[in-house]
Asks: 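So that we are looking at the same thing, I have put the structure below in structure tokens.
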Amino acid sequence: MVANKRIDEQLGEGVVSEDHQLRDVFDAIADPTRRRLIHLLAEAEEIPLHELTAQFQMGRTAVSKHLTILKEAGLVLDRKVGRETRFRLNASPLREIQDWVAFYSKFWSTNLLRLNRLLEEEEE
């Protein structure tokens with residue numbers, strides 16, 4: 001826990017969570033390329049780096065940098081198979097986003113219901 005606090009102080013507030021994520025999940029999915037990588041990984045059990053790279057108009061190094069950011073957020077796991085690196089999705093950190101959206105979905109539903117009641121009262 002103390003080590004996490006030191007890392008947190010070095011990298012900035014909120015960057016390291018209790019489950020040792022080095023990057024915020026919201027930050028990791030903010031980029032369209034990373035969202036596309038997540039989508040591709042969700043459709044397969046495991047994908048080698050060269051197959052992921054073939055899906056983008058960028059080089060292997062750029063794709064690797066995006067994958068590193070996703071790994072730091074805990075969204076991607078990798079393993080070496082010979083000289084090849086294979087990647088797979090770890091969707092559990094996305095629960096944080098789902099919970100956040102669910103909270104605001106409830107907020108908007110409640111407020112829209114109130115608005116609807118007010119409009120109905122005005123019509124009467």
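Quick note: residue numbers are just sequence positions, from 1.
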Asks: Please collect all salt bridge (charged side-chain N to carboxylate O under 4.0 Å, His left out) contacts where either partner lies in residues 40-56, sequence neighbours excluded, each pair once.
Replies: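 Every pair satisfying salt bridge (charged side-chain N to carboxylate O under 4.0 Å, His left out) with a residue in residues 40-56: Glu46-Arg79, Glu46-Arg86.
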Asks: Would you please name every residue forming a side-chain hydrogen bond (donor to acceptor under 3.5 Å, both in side chains) with Ser92, sequence neighbours left out?
Replies: Asn90
Asks: What pair of heavy atoms forms the shortest contact from Ala28 to Ala73, and how long is it?
Replies: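 Minimum heavy-atom separation between Ala28 and Ala73: CB-CB, 3.6 Å.
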Asks: Not counting sequence neighbours, list each pair that qualifies as a ring-ring contact (aromatic ring centres under 6.0 Å, His included) and has a residue in residues 65-90.
Replies: none
Asks: Do Phe103 and Val25 share a hydrophobic cluster, counting only Ile, Leu, Val, Met, Phe, Trp and Tyr and linking them when any side-chain heavy atoms are less than 4.5 Å apart?
Replies: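 As far as the 4.5 Å side-chain criterion goes, Val25 and Phe103 are connected within one cluster.
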Asks: Mind checking the CG-CG spacing from Leu70 to Leu41? Nearest 0.5 Å is all I need.
Replies: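 Between Leu70 CG and Leu41 CG, I get 8.0 Å after rounding to 0.5 Å.
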Asks: For Asn111, what residues pass the side chain to side chain contact (heavy atoms under 4.5 Å, CB included) criterion, not counting sequence neighbours?
Replies: Phe107, Arg114
Asks: Find out if a path of hydrophobic residues (ILVMFWY) with successive side-chain heavy-atom gaps under 4.5 Å connects Leu40 to Leu75.
Replies: yes
Asks: What residues, two or more places apart in sequence or in another chain, satisfy side chain to side chain contact (heavy atoms under 4.5 Å, CB included) together with His50?
Replies: Pro48, Arg60, Glu84
Asks: Which pairs would a plain distance check flag for residues 115-122, meaning a side-chain donor or acceptor within less than 3.5 Å of a matching protein atom at least two apart in sequence or in another chain?
Replies:
none

Asks: Output the distance between atom CD1 (Ile29) and atom CD1 (Ile97), rounded to the nearest 0.5 Å.
Replies: 3.0 Å
Asks: Answer yes if Val101 and Ile38 sit in the same cluster of Ile, Leu, Val, Met, Phe, Trp and Tyr residues linked by side chain heavy atoms under 4.5 Å apart, and no otherwise.
Replies: yes
Asks: Listed by chain and number, what are the ring pair (Phe, Tyr, Trp, His ring centres under 6.0 Å) partners of Tyr104, not counting sequence neighbours?
Replies: Trp100
Asks: Kindly write out the residues that satisfy side chain to side chain contact (heavy atoms under 4.5 Å, CB included) with Ala62, not counting sequence neighbours, or none if the list is empty.
Replies: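 Ala62 satisfies side chain to side chain contact (heavy atoms under 4.5 Å, CB included) with Met58 only.
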Asks: Under 4.5 Å between side-chain heavy atoms, counting indirect links through other Ile/Leu/Val/Met/Phe/Trp/Tyr residues: same cluster for Leu49 and Ile69 or not?
Replies: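 Shared cluster, no.
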Asks: Hey, any chance Val81 and Leu52 share a hydrophobic cluster, counting ILVMFWY side chains that come within less than 4.5 Å of each other, even indirectly?
Replies: no
Asks: Please examine the side chains of Asp78 and Leu67, heavy atoms only from C-beta on, and report whether any two atoms are closer than 4.5 Å.
Replies: no
Asks: Tell me, please, which residues at least two apart from Ser64 pass side-chain hydrogen bond (donor to acceptor under 3.5 Å, both in side chains).
Replies: none
Asks: Does any pair with a residue in residues 25-40 pass salt bridge (charged side-chain N to carboxylate O under 4.0 Å, His left out), and if so which ones, sequence neighbours excluded?
Replies: Arg23-Asp27
Asks: For Thr53 and Gly59, work out which heavy atoms get closest and say how close.
Replies: CG2-C, 4.0 Å
Asks: Once side-chain hydrogen bond (donor to acceptor under 3.5 Å, both in side chains) is applied, do any residues pair with Lys106, and if so which ones, sequence neighbours excluded?
Replies: none
Asks: Just to verify, what does Arg95 make a side chain to side chain contact (heavy atoms under 4.5 Å, CB included) with, not counting sequence neighbours?
Replies: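 Partners of Arg95 under the side chain to side chain contact (heavy atoms under 4.5 Å, CB included) test: Gln98, Asp99.
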